[in-house]
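To keep things clear, I will list the structure first and then write my remarks on it.
Excluded from the calculations below are hydrogen atoms, water molecules and symmetry mates; all remaining heavy atoms, backbone and side chain alike, are included.
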Amino acid sequence: MILSEKIVTLRKRQGMSQENLAEKLNVSRQTISRWENGTVVPDAHNILEISKAFGVTSDYLLNDDFETDDDIPQIKEVKKDNRILHLNLTRIAIMVQVAFLNVALQPFGATNGTDKSIEIIIKVVPILLASIWMAHNLKYEKDVKQYKRNVMIELAYCGVLAVIFLFGYYSEMHSAGTVLLIVAALFYLLFINPKYMNRPFVKNIKK
């Protein structure tokens, strides 16, 4: 349904004549007639006034795909749900990465060369996969400037984790390494992500 048809339908639904609507919108009856005939399109100010007069949104009036105003919240809800899903996937990837780093930090007790090689593969491959997942989640940020900032912040964060991992592994202070990894991950999740990376918690997402 196009704009002109929506104006006619809404006006008749409320039992208003063209004169009544013209008086309500402070325009001439001829203007209403031209809007309803489709020969003239209301400007932005009048679109807002029409939406107020009929109790609908300007999105409903302007979008030909919307048959009723009830269509609009459904579309917005999908976008909101996708945003929440992407944020949760990002947080899961961060937690998985630090979990695999902690596993790799712990001694396996391998002695011979073959066992050592297997140990390295078991430790390194999951970390690489989790890191790739984290990098993949960066694409969910659509703002180019914010995306570049997020890339730099995440690289710095991964660098910090690498330093902590190497410290704990080679110093054999495994428990201290675990604590530092957890602290770094929590700081990244709870402070850096929402404050600097446009990754708010669900309750802070605007509808």
Side-chain angles (χ1 to χ4, degrees), residues 57 59 63 71-207:
T57 63
D59 284 346
N63 196 318
D71 294 335
I72 302 170
Q74 295 172 4
I75 293 172
K76 291 184 177 179
E77 188 65 28
V78 170
K79 292 181 179 179
K80 178 187 173 186
D81 287 344
N82 286 340
R83 174 69 166 150
I84 294 171
L85 174 63
H86 295 159
L87 288 170
N88 287 335
L89 286 174
T90 300
R91 294 188 182 106
I92 291 171
I94 293 169
M95 291 185 286
V96 168
Q97 186 202 45
V98 79
F100 283 142
L101 276 169
N102 183 53
V103 171
L105 183 62
Q106 309 309 315
F108 274 32
T111 55
N112 61 56
T114 302
D115 290 342
K116 278 286 186 183
S117 298
I118 295 174
E119 177 184 340
I120 291 172
I121 293 172
I122 292 173
K123 288 182 174 182
V124 171
V125 171
I127 295 172
L128 288 176
L129 292 175
S131 299
I132 292 170
W133 184 13
M134 282 180 60
H136 175 76
N137 288 339
L138 288 166
K139 73 173 186 177
Y140 296 134
E141 179 53 62
K142 302 304 181 183
D143 183 84
V144 176
K145 186 176 180 181
Q146 184 65 58
Y147 171 81
K148 292 179 179 178
R149 177 189 292 180
N150 287 0
V151 170
M152 298 305 296
I153 292 174
E154 193 148 287
L155 284 173
Y157 167 70
C158 290
V160 170
L161 291 188
V163 170
I164 294 173
F165 173 80
L166 292 173
F167 161 75
Y169 187 82
Y170 287 105
S171 68
E172 298 186 357
M173 298 176 64
H174 308 297
S175 297
T178 297
V179 171
L180 289 174
L181 285 174
I182 293 173
V183 170
L186 288 176
F187 182 74
Y188 185 61
L189 275 170
L190 301 178
F191 181 74
I192 300 297
N193 269 251
K195 187 171 180 64
Y196 299 106
M197 301 182 72
N198 191 29
R199 295 173 176 174
F201 289 97
V202 174
K203 66 179 181 180
N204 293 329
I205 295 178
K206 295 181 179 179
K207 296 182 180 180

Starting at [atom1] of [X], measure out to [atom2] of [Y] and round the result to the nearest 0.5 Å.
{"X": "I153", "Y": "C158", "atom1": "CD1", "atom2": "SG", "value": "12.0 Å"}
{"X": "I121", "Y": "L128", "atom1": "CD1", "atom2": "CG", "value": "11.5 Å"}
{"X": "L89", "Y": "N137", "atom1": "CG", "atom2": "CG", "value": "6.0 Å"}
{"X": "N102", "Y": "I164", "atom1": "CG", "atom2": "CD1", "value": "11.5 Å"}
{"X": "N150", "Y": "K145", "atom1": "CG", "atom2": "NZ", "value": "12.5 Å"}
{"X": "F201", "Y": "N88", "atom1": "CZ", "atom2": "CG", "value": "10.0 Å"}

For the pair Q146 (side chain) and Y196 (backbone), establish whether a donor and an acceptor sit closer than 3.5 Å, ignoring hydrogens and angles.
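Pair found, side chain donor or acceptor close to backbone of Y196.
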Quick check: does any side chain N or O of N193 sit under 3.5 Å from a backbone N or O of Y188, one acting as donor and the other as acceptor?
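Checking the backbone N and O of Y188 against the side chain of N193, a donor-acceptor pair under 3.5 Å is found.
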Is there a side-chain contact between [X] and [Y] (heavy atoms, below 4.5 Å)?
{"X": "L101", "Y": "L105", "answer": "no"}
{"X": "W133", "Y": "L129", "answer": "no"}
{"X": "F167", "Y": "L180", "answer": "yes"}
{"X": "Y157", "Y": "I192", "answer": "no"}
{"X": "T90", "Y": "R199", "answer": "yes"}
{"X": "H174", "Y": "E172", "answer": "yes"}

Nearest non-hydrogen partners of [X] and [Y], listed with the distance:
{"X": "R83", "Y": "N198", "answer": "NH2-O, 2.6 Å"}
{"X": "A185", "Y": "V98", "answer": "CB-CG2, 3.9 Å"}
{"X": "V103", "Y": "K123", "answer": "O-CE, 4.3 Å"}
{"X": "F100", "Y": "P126", "answer": "CD1-O, 3.4 Å"}
{"X": "Y169", "Y": "E119", "answer": "OH-OE2, 4.3 Å"}
{"X": "A130", "Y": "V96", "answer": "CB-CG1, 4.0 Å"}

For M173, I'd like to know if atom CE has over 12 heavy atoms of other residues, nucleotides or ligands within 6.0 Å.
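12 or below, so no.
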Can you confirm whether more than 12 heavy atoms, excluding those of Y140, are under 6.0 Å from its OH atom?
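Yes, OH of Y140 has more than 12 neighbouring heavy atoms, counting only those of other groups under 6.0 Å.
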Could you tell me whether K148 and E154 have a side-chain N and a carboxylate O separated by less than 4.0 Å?
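No, K148 and E154 are not salt-bridged.
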Quick one: do L161 and F165 satisfy side-chain contact (heavy atoms from CB on, under 4.5 Å)? Show the steps, please.
CA-CA 6 Å; L161 291 188; F165 173 80; over 6 Å; no
